[in-house]
Amino acid sequence: MKNPAAKTSARTGRVLRTPGGLSVRVDGRTVTVVVLLLVAALAASVVLIGTGDFPIPAGDVLRTLFGAGEPGQEFIVRELRLPRVLVGLLVGASLGLGGALFQAISRNPLGSPDVLGLGQGATAGALIMIVLFSGSAAQVTFGALVGGLVTGFGIYVLAWKRGVHGYRLVLVGIGVSAIVTAVNGYLMTRADIVDASRAVVWMTGSLDGRDWDQVWPLLALCVLLVPLCLANARGLRMTEMGDDVSYALGVRVERVRMLLLVAAVLLVAAATAAAGPVGFVALTAPQLARRLTRAPGPNLLPSLCMGAALLVTADWLAQRVFGAGRLPVGVVTGVLGGLYLLWLLVTERKAGRI
């Protein structure tokens, strides 16, 4: 007869303990998925760097990245294409992590920034700078960041009633999203043809023209917020058992929720400011990561890696599949995300859950 304890250990993974008394549960399948997603994201990045009007083989791309490339390739890889790919990786990682945080806090697979209106809020901030002030690229980025933060703060305040709970957060977010979408439509009617064209390009979500000026702020934000989110992952997972149980286990529920909500809003707003409102990555990345790991909890690190892999792969598809008529990456993620959402709804309906 098999030992039940052994079965439980196999299911929950190994527990690593440090000399200082810190214990960390390590799930073998989750580690494998994270490693494979990182490899996939890096491989797609190398291929994407080599893609363009001047194709560069993957081997030459790697040699150039390690400082052994030809002078012409050095300029193309390091100055023109590497910043774009890094922005794609960071934006995808930020959206994947932000989406996982929102879905875990709201306890709803549809509780993503796309549904809650953060992308629309950032778009409103960018449109104000474009339409009303004819702002520069830096001013548009600043406006998008402020718009996302203000929208996130408004949703939090309106959803607060002795704490923030999942369904109320989602419902308030949907309402705010509808209002901000109407505001964006009004702003577009106020724009002249030049500003309107510029706004439409930004609203689609694109990595075209991204350089090191977009890389460094987003990288600094990720370096600051990603460890903070991962450090609070245990408390976030405890909240899934209910507030009363979490309080009994010593989790400061509202503190954890507010801290992680602020981090999620910052990540999504910064990603939107850097690349525009790239749709569906924040919605699909956490769900795909969870299906691969088959692990309970928020799956923050797998969602981060999945988001990065999804976005750079979508950008490669946008450049290669459509030939000379290259599409913005937001169009590709919108199509793929919409198809995934339809498949998810059909699957859930067949399972009797909706």
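From a predicted model like this one, the values you see are computed outputs, not experimental measurements.
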*Asks:* How would you list all residue pairs meeting salt bridge (Lys or Arg N to Asp or Glu O under 4.0 Å) that involve residues 33-61, not counting sequence neighbours?
*Replies:* Asp53-Arg326, Asp60-Arg63

*Asks:* List for me each residue that meets ring-ring contact (aromatic ring centres under 6.0 Å, His included) alongside Phe153, sequence neighbours excluded, and say none if there are none.
*Replies:*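 Once residues adjacent in sequence are excluded, Phe153 has no partner under the ring-ring contact (aromatic ring centres under 6.0 Å, His included) criterion.
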
*Asks:* If only atom types and distance count, is the side chain of Arg210 paired as donor or acceptor with the main-chain N or O of Ser206 below 3.5 Å?
*Replies:*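 Yes, the answer is positive, given that a donor and an acceptor are paired below the 3.5 Å cut-off.
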
*Asks:* For Asp192, which residues count as a salt bridge (Lys or Arg N to Asp or Glu O under 4.0 Å) partner, sequence neighbours excluded?
*Replies:* none

*Asks:* Is there any ring-ring contact (aromatic ring centres under 6.0 Å, His included) pair reaching into residues 47-106, and which pairs are they, with sequence neighbours excluded?
*Replies:* none

*Asks:* For the backbone of Ile76 and the side chain of Glu79, can you confirm whether one donor and one acceptor N or O come within less than 3.5 Å of each other?
*Replies:*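 Judged by distance alone, no pair lies under 3.5 Å.
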
*Asks:* Would you give me the side-chain donor-acceptor pairs under 3.5 Å for residues 30-45, sequence neighbours excluded?
*Replies:*
from  : atom 1 : to    : atom 2 : distance (Å)
Thr30 : OG1    : Asp27 : OD2    : 2.9
Thr32 : OG1    : Gly28 : O      : 2.9
Ser45 : OG     : Ala41 : O      : 2.7

*Asks:* Identify the heavy atoms of Val140 and Met129 that sit nearest to each other, and give their distance.
*Replies:* CA-CB, 4.1 Å

*Asks:* Run the side-chain hydrogen bond (donor to acceptor under 3.5 Å, both in side chains) test against Gln73 and tell me which residues pass, sequence neighbours left out.
*Replies:* none

*Asks:* Checking Leu259 against Leu228 for the side chain to side chain contact (heavy atoms under 4.5 Å, CB included) test, could you report, in this order, the C-alpha distance in whole Å, the side-chain angles of both residues, the deciding distance, and whether it holds?
*Replies:* CA-CA 9 Å; Leu259 182 65; Leu228 177 67; 4.0 Å; yes

*Asks:* Can you tell me which residue pairs pass the salt bridge (Lys or Arg N to Asp or Glu O under 4.0 Å) test with a partner in residues 34-43, sequence neighbours excluded?
*Replies:*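 Qualifying pairs: none.
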
*Asks:* With Arg78, which residues qualify under side-chain hydrogen bond (donor to acceptor under 3.5 Å, both in side chains), at least two apart?
*Replies:* Glu74

*Asks:* Only one of Asn232, Leu300, Val265 clears side-chain contact (heavy atoms from CB on, under 4.5 Å) with Leu101; which?
*Replies:* Leu300

*Asks:* Looking at Gln120, is its backbone amide N or carbonyl O close enough to the side chain of Asn184 to form a donor-acceptor pair, meaning the two atoms are under 3.5 Å apart?
*Replies:*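 The answer is yes, because a donor-acceptor pair under 3.5 Å joins these two groups.
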
*Asks:* Using salt bridge (Lys or Arg N to Asp or Glu O under 4.0 Å) as the criterion, list what pairs up with Asp208, not counting sequence neighbours.
*Replies:*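 Testing Asp208 for salt bridge (Lys or Arg N to Asp or Glu O under 4.0 Å), a comparison that skips the adjacent residues, returns Arg84.
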
*Asks:* Please check if the side chain of Ser197 supplies one atom and the backbone of Ile193 the other of a donor-acceptor pair under 3.5 Å.
*Replies:*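 Yes, the answer is positive, given that a donor and an acceptor are paired below the 3.5 Å cut-off.
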
*Asks:* Could you walk me through whether Thr51 and Gln319 pass side chain to side chain donor-acceptor pair (under 3.5 Å), step by step?
*Replies:* CA-CA 8 Å; Thr51 301; Gln319 293 193 49; 5.7 Å; no

*Asks:* Apply side-chain hydrogen bond (donor to acceptor under 3.5 Å, both in side chains) to Thr204 and list each qualifying residue two or more places apart in sequence or on a separate chain.
*Replies:*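 Result, side-chain hydrogen bond (donor to acceptor under 3.5 Å, both in side chains) vs Thr204: none returned.
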
*Asks:* Val77: what forms a side chain to side chain contact (heavy atoms under 4.5 Å, CB included) with it, not counting sequence neighbours?
*Replies:* Ile49, Ile56, Thr64, Leu65

*Asks:* Mind checking what makes side-chain hydrogen bond (donor to acceptor under 3.5 Å, both in side chains) contact with Tyr340, not counting sequence neighbours?
*Replies:* none

*Asks:* Would Ile174 and Leu116 count as a side chain to side chain contact (heavy atoms under 4.5 Å, CB included) if you check the C-alpha gap in whole Å, the side-chain angles of each, and the deciding distance to 0.1 Å?
*Replies:* CA-CA 5 Å; Ile174 291 173; Leu116 297 181; 5.5 Å; no

